[in-house]
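Heads up: the structure comes next, in structure tokens.
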There are 2 protein chains.
Amino acid sequence: MKATLRLDDQLCFALYAASRAMTATYRRLLEELGLTYPQYLAMLVLWERDSLTVGELGEQLLLDSGTLTPLLKRLESAGLVSRVRRPEDERSVLITLTDAGRALRDKANPIPDQLLCQTGMAPEDVIQLREELKTLTARLVTDTSNEGNTP
Amino acid sequence: MKATLRLDDQLCFALYAASRAMTATYRRLLEELGLTYPQYLAMLVLWERDSLTVGELGEQLLLDSGTLTPLLKRLESAGLVSRVRRPEDERSVLITLTDAGRALRDKANPIPDQLLCQTGMAPEDVIQLREELKTLTARLVTDTSNEGNTP
DNA sequence: CGCAATTAAATTGTGCACAATATATATTTT
DNA sequence: AAAATATATATTGTGCACAATTTAATTGCG
């Protein structure tokens, strides 16, 4: 059977709509932390392992310096991270949490549960969907016809 | 069990990464049509039902005029659609395909199958994932704590 | 060593998303 | 009918994404 051009049939649109709805949900949760959703993702990575280079952060988030540099400058302006050139290799920039950045983690702690609640899904269903999405991402990213892609 | 702050555990990030990977895949497919991915979505709606107002288009795509107006102006510059005020209500703007816009559908026809191929997924699995995502979107959007959201 | 090639970030430019506001037209109320 | 209200789109401003280019530092090679 041939796939159609109907909007309703497109996996891509279901994905795109869900991703935007999810970001909108986070926007409200993150408002009081003063973070945007992509900034929150960067903070998640830093809370797990502090002092990463821009490149290492980008590897986790699948984002390049064109996106991360201005985002990290905003986090720096907000007093949450510091950006310093690595002495042993001045090409890379180390991103390190400030005390305020580390402290923000406490305010972020309830967010994952709040979000789970908003999805109205059973935790095991969330896990299954999440893993399906990871598989899909891996297939789309590693596809050979994808060579030369960002980042 | 408590949900964690680990990036790897987040449904939101799996969704965000998958959506961006999907868009990147489309970017290559759409290059020869001269369309961006959101422009392609708008064209999908118009190919299904021509002559829609900006608002009706936004209802389908869950986008507001702040996003659509400039996008549609670019489609107009590309000669694919026309934008004219509705005579019976000059507040709304009718978006109508040009001959070139209608003709572009032929070039778009193979795309859904090409994409299905790139996902490496069985069609029935794609359908199931798509419907799960629609359910999730509906839950996130209709959530009462979501009132006052865009659009 | 000296220089080409490589690597890491930053910069520039385009196109979304989306909040907030403005503008213009239509409808309702008084 | 005039004023108030509502509706539809457009505009403005911020913050991503991402391609392409630039800048600066490091590595490799002859």
Side-chain angles (χ1 to χ4, degrees), chain A residues 16-28 30-31 34-42 52-59 61-78 83-95 141 146-151, chain B residues 16-28 30-31 34-42 52-59 61-78 83-95 141 146-151:
Chain A
Y16 167 80
S19 180
R20 288 197 298 122
M22 182 64 85
T23 303
T25 301
Y26 269 95
R27 194 171 295 121
R28 287 178 289 100
L30 294 174
E31 202 162 336
L35 293 175
T36 65
Y37 175 66
Q39 288 167 10
Y40 171 70
L41 292 180
L52 290 156
T53 65
V54 173
E56 288 167 334
L57 206 48
E59 216 171 303
L61 300 175
L62 308 178
L63 291 170
D64 66 10
S65 70
T67 300
L68 286 176
T69 296
L71 184 153
L72 292 169
K73 282 182 178 174
R74 284 186 280 270
L75 288 181
E76 186 183 37
S77 304
R83 298 165 58 249
V84 290
R85 294 262 162 203
R86 247 172 67 202
E88 61 270 38
D89 185 343
E90 295 263 339
R91 285 173 305 182
S92 22
V93 169
L94 263 187
I95 308 300
V141 169
N146 227 2
E147 292 304 313
N149 254 22
T150 321
Chain B
Y16 166 81
S19 180
R20 288 197 297 123
M22 182 64 84
T23 303
T25 301
Y26 269 96
R27 194 170 296 120
R28 286 178 290 100
L30 294 174
E31 202 163 336
L35 293 175
T36 66
Y37 175 66
Q39 288 167 9
Y40 171 71
L41 292 179
L52 291 156
T53 65
V54 173
E56 289 167 334
L57 205 49
E59 217 172 304
L61 300 175
L62 309 177
L63 291 170
D64 66 10
S65 70
T67 301
L68 286 176
T69 296
L71 183 153
L72 292 168
K73 282 183 178 175
R74 283 185 281 270
L75 287 181
E76 187 183 38
S77 303
R83 297 164 60 248
V84 291
R85 295 261 161 202
R86 246 171 68 202
E88 62 271 37
D89 186 344
E90 294 264 337
R91 286 173 303 182
S92 24
V93 169
L94 263 188
I95 308 300
V141 169
N146 227 4
E147 292 304 311
N149 254 24
T150 321

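Labels below follow one simple rule: chain letters A, B, ... track the order of the sequence lines, proteins then strands, and each chain is numbered from 1. As a basis for the values below, the full set of heavy atoms in this structure was taken, side chains included, without hydrogen atoms, waters or symmetry mates.
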Of the nucleotides [options], which one has an atom closest to the side chain of [X]?
| X | options | result |
| --- | --- | --- |
| A:D89 | D:dC18, D:dA25, C:dC16 | D:dA25 |
| B:S92 | D:dT11, D:dA8, C:dC16 | D:dA8 |
| B:T67 | C:dA10, D:dA10, C:dA17 | C:dA17 |
| B:P38 | D:dT9, C:dC16, D:dC18 | C:dC16 |
| B:Q39 | C:dG15, D:dT9, C:dA17 | C:dG15 |

Describe the nucleic acid contact of [X] in one word from base, sugar-phosphate, nothing, applying a heavy-atom distance below 4.0 Å.
| X | value |
| --- | --- |
| A:G55 | sugar-phosphate |
| A:L68 | nothing |
| A:R83 | sugar-phosphate |
| B:T23 | nothing |

Next on the checklist: Checking the side chain of B:R27 only, and the main-chain atoms of B:T36 only, is there a donor and an acceptor separated by less than 3.5 Å?
Outcome noted: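 No, because the side chain of B:R27 does not come within donor-acceptor range (under 3.5 Å) of the backbone of B:T36.
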
Length of the [atom1]-[atom2] vector between [X] and [N], whole Å:
| X | N | atom1 | atom2 | result |
| --- | --- | --- | --- | --- |
| A:R74 | C:dA10 | CZ | C1' | 14 Å |
| A:R85 | C:dA8 | CZ | C1' | 8 Å |
| B:L57 | C:dA17 | CG | P | 13 Å |
| A:E31 | D:dG15 | CD | C1' | 15 Å |
| B:E59 | D:dT9 | CD | P | 11 Å |
| A:L62 | D:dC16 | CG | P | 17 Å |
| B:R20 | C:dG15 | CZ | C1' | 16 Å |
| B:M22 | D:dA17 | CE | P | 17 Å |

Item to check | 5'-most by nearest nucleotide on DNA chain C - A:T53 or B:R86 | outcome: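 Nearest nucleotide further toward 5': that of A:T53.
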
Next on the checklist: With nearest nucleotide decided by heavy atoms, which residue, B:E88 or A:Y16, maps closer to the 5′ end of DNA chain C?
Outcome noted: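 Closer to the 5' end of DNA chain C: A:Y16.
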
Return the minimal non-hydrogen interatomic distance between [X] and [Y], and the atom names on each side.
| X | Y | answer |
| --- | --- | --- |
| A:A17 | B:L62 | CB-CD1, 4.1 Å |
| A:L94 | A:R86 | CG-CG, 3.5 Å |
| B:E56 | B:T53 | OE1-N, 2.9 Å |

Item to check | Short side-chain N/O contact from B:K73 to OP1 or OP2 of C:dT14, under 4.0 Å | outcome: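 Looking at the OP1 and OP2 atoms of C:dT14, neither is under 4.0 Å from any side-chain N or O of B:K73.
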
Next on the checklist: Does C:dC16 have OP1 or OP2 under 4.0 Å away from a side-chain N or O of B:T36?
Outcome noted: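 Checking B:T36 against C:dC16: at least one side-chain N or O falls below 4.0 Å of OP1 or OP2.
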
Next on the checklist: For B:Y26 and B:Y37, take the angle between the two ring planes, folded into 0 to 90°, and tell me which bin it lands in: parallel under 30, tilted 30 to 60, perpendicular over 60.
Outcome noted: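 Taking B:Y37 first and then B:Y26, their aromatic rings sit tilted (interplane angle of 30° to 60°).
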
Next on the checklist: Any donor-acceptor pair, under 3.5 Å, between the side chain of B:R91 and the base of D:dT9, if you only look at N and O atoms?
Outcome noted: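 No.
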
Checklist entry - Does B:S65 make a side-chain donor-acceptor contact with the base of D:dA10, cut-off 3.5 Å? => result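 Answer is yes: a donor-acceptor pair is held.
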
Next on the checklist: With heavy-atom distances below 4.5 Å as the criterion, would you say the side chains of A:L68 and A:I95 are in contact?
Outcome noted: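 The answer is no; the side chains never approach within 4.5 Å.
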
